[in-house]
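These notes concern the structure reproduced below.
Just follow the structure's listing: the first ligand is 1, and inside any ligand the first atom is 1. Not measured: the values here are computed from a predicted model.
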Amino acid sequence: MKQILFASSEAIPYIKTGGLADVVGSLPKYIQNDEYEVRIILPKYACMDEKFLSELNYVCHFYVDLNWRKQYAGIFETTHEGVKYYFVDNEYYFAGPNPYNNIHEDVEKFAFFSKAVLSALPYLDYSPGIIHCHDWQTGLIPVFLHTSYGSDVFYSGIKTIFSIHNLKFQGRWKIREVMDVTGLPEYIFDHRGIESYGEANLLKGGCVYADAITTVSPTYASEILTQEGGEGLEGVFSMRKADLHGILNGLDYQLYNPKTDPYIYEPFTVESAIEGKKKNKTALQKEFGLPEREDVFVLGIVSRMTDQKGFDLIAYIMDELLNSMDVQLIVLGTGEIRYEHMFHYFQNAYPQKVGSYIGYSEERAHHIYAGADAFLMPSLFEPCGLSQMMSMRYGTLPIVRETGGLRDTVIAYNEYNHTGTGFSFTEYNALDFLHVIQYANEVYEKQRPHWDDMVKRAMEVDYSWDASAEEYRKIYDGLLDVED
Ligand code: ADP
Ligand code: GLC
């Protein structure tokens, strides 16, 4: 059996702040087969739901060497949907109401986590062929493997893959302090190692020392090679181009299934979508305190409220959108205060047209995916994006900017040959965004049969993990073969 260990700072159902959790919590199920077993290791955060914390079983504990410190690490385990999960326990690092704090604390916290992951393996009598690391929080795993464990035979056959879910977050901090908390040798902190623009950069460490690098869509894989999309690391990616792969994320089709979704008001299939969606739409309007009208064009947003997601474009067009069109806008999200306030303001100013919930709610998210007509995602950049795929799965047509994974997943409507699964615009420009919403509204109003066909087409596209899981297995096989 080939053994793969996923190391991540989040995974559903245990802890989630964004799409990383969806991916890490669903992909292993689809990679596992007769040949592969995947396990997952996460921090044991105090902020996890009590129902999850109480089901974890203690396995062992040991001490992690972090330079002059020795820190306690406990390992707990559980099994969820056929996948084994390990949790690293340390009440000092993983306390608090959120998985992430400020960058200073997080760099030390995840340096500890990364070293604890490696230190745990002999105690667990578990030697995975590959450790698959996700985002900067696990960037030091390939670095420690190369340095602190380089001469230990237990670790000598282990390969690493580093997956980039979002290059915006790199885990950058002062070299002196990262040296102090990691105890890594000085040569690691030069420009061939984890140094970048005068700072230590944990994501760069992962990218330099891992055996292969992946990112979450083919378009993002090519964007990060450019100055515009490389966030300063395009040189590193160019050097490692031969080992860089863009593999599109998938969805967990068991969780996101309009036919069986326990959250939604009226389950539906492709055949019953047009009627089923109407019922979900009026239930959604009621939930958000808006007039229950089947005929109005309902736009949905489910998102972290940050500049990445194009909220400045949304801010720019709000008045005109709401004044010029018969629409309702339903928003679910949290993030930057200025955007949270913006939706409060517009909800007060246009109570018949705007409904918002500032907060996190899995249930409300599903209600929006199922009940809206169109879904707004005008991202500035988007490594992959899962929300647009979720909305398509529920027949809600995405209106997106053509960037990263949005470009790879949404095919723009072509009114001449009636193809497409949504709407898109190219430049990061508010008026282009407004025009494409107006155009979508026009298709909705005046070409309803074509709109309805597009709803069904979007639902029928296969966004499951099957094809991408196979691509990951190919990369694993390539790395494991080197060992044979
Ligand atoms: P990102 O990871 O950049 O935030 P993705 O589109 O990949 O973007 O994934 C976002 C995930 O987080 C989706 O599962 C989406 O439904 C979920 N999500 C975002 N905001 C909220 C919220 N306020 N409440 C519930 N789910 C949310
Ligand atoms: C990141 C990206 C998002 C991607 C997700 C899962 O949060 O912003 O585009 O879908 O990771 O890979």
Which atoms of ligand 2 sit under 4.0 Å from any heavy atom of [X]?
| X | result |
| --- | --- |
| Arg304 | 8 (O) |
| Val216 | 12 (O) |
| Asn166 | 8 (O) |
| Val23 | 6 (C), 12 (O) |

Under 4.0 Å from ligand 1, counting heavy atoms only, is it the side chain of [X], its backbone, both or neither?
| X | answer |
| --- | --- |
| Met390 | side chain |
| Lys16 | side chain |
| Cys384 | neither |
| Ser303 | backbone |
| Lys309 | side chain |

Are the side chain of [X] and the backbone of [Y] linked by a donor-acceptor contact shorter than 3.5 Å?
| X | Y | value |
| --- | --- | --- |
| Gln285 | Leu290 | no |
| Gln308 | Leu380 | no |
| Lys109 | Pro99 | yes |
| Gln347 | Ser356 | yes |
| His146 | Pro142 | no |

Just to be sure I'm reading this right: ignoring hydrogens, which of [options] gets closest to [atom]? Compare them by their nearest heavy atoms.
| atom | options | value |
| --- | --- | --- |
| atom 15 (C) of ligand 1 | Tyr369, Tyr360, Tyr256, Phe381 | Tyr369 |
| atom 6 (C) of ligand 2 | Thr215, Asn249, Thr17, Asp22 | Asn249 |
| atom 24 (N) of ligand 1 | Ala365, Gly333, Ser361 | Ser361 |
| atom 23 (N) of ligand 1 | Ser387, Ala21, Gly359, Pro383 | Gly359 |

Next item on the list: Name the orientation class of the two ring planes belonging to Tyr45 and Phe94 (parallel below 30°, tilted from 30 to 60°, perpendicular beyond 60°).
Entry: perpendicular
Next item on the list: Fit a plane to each ring of Tyr220 and Phe381, take the angle between them on a 0 to 90° scale, and name the class: parallel (under 30°), tilted (30 to 60°) or perpendicular (over 60°).
Entry: parallel
Going by distance only, is there an N or O of [X] that falls short of 3.5 Å from an N or O of ligand 2?
| X | value |
| --- | --- |
| Gly385 | yes |
| Lys309 | no |
| Gly19 | no |

Check: Does the side-chain contact (heavy atoms from CB on, under 4.5 Å) test come out yes or no for Asp106 and Gln137, once each step is laid out?
Finding: CA-CA 8 Å; Asp106 285 354; Gln137 291 86 351; over 6 Å; no
Close-contact set for ligand 1 against [X] heavy atoms, below 4.0 Å:
| X | answer |
| --- | --- |
| Asp22 | 11 (C), 13 (C), 14 (O) |
| Gly19 | 1 (P), 2 (O), 7 (O), 9 (O), 10 (C), 11 (C) |
| Gly385 | 6 (O), 7 (O) |
| Gly18 | 2 (O) |

Check: Do any heavy atoms of Gln308 fall under 4.0 Å from ligand 2?
Finding: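 True for this residue.
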Next item on the list: Take Lys115 and Thr182, measure what side-chain hydrogen bond (donor to acceptor under 3.5 Å, both in side chains) needs, and give me the verdict at the end.
Entry: CA-CA 9 Å; Lys115 197 143 190 209; Thr182 59; over 6 Å; no
Next item on the list: Quick one: look at Glu10 and ligand 2, take heavy-atom pairs under 4.0 Å, and tell me if it's side chain, backbone, both or neither.
Entry: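 The answer is neither.
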Notebook entry, point to check: Which of these passes ring pair (Phe, Tyr, Trp, His ring centres under 6.0 Å) with Tyr14: Phe76, Tyr85, Tyr86?
Noted result: Tyr85
Next item on the list: Give a yes/no verdict on a cation-pi contact between Arg457 and Tyr413, requiring under 6.0 Å between NZ or CZ and the six-membered ring centre and an angle within 45° of the axis.
Entry: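 Judged by the rule (NZ or CZ under 6.0 Å from the ring centre, within 45° of its axis), Arg457 is not positioned above Tyr413.
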Item checked: Ion pair check, Glu471 and Lys474, cut-off under 4.0 Å -> no
Next item on the list: Report the nearest protein non-hydrogen atom to atom 6 (O) of ligand 1: residue, atom name, distance rounded to 0.1 Å.
Entry: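 I find the closest protein heavy atom is Leu386 N, 2.8 Å.
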Check: Would Asn280 and Tyr394 count as a side-chain hydrogen bond (donor to acceptor under 3.5 Å, both in side chains) if you check the C-alpha gap in whole Å, the side-chain angles of each, and the deciding distance to 0.1 Å?
Finding: CA-CA 11 Å; Asn280 284 296; Tyr394 289 79; over 6 Å; no
Note to self: With rounding to the nearest 0.5 angstrom, report the CD1 to NE2 distance, Ile31 to His132.
What the structure shows: 7.0 Å
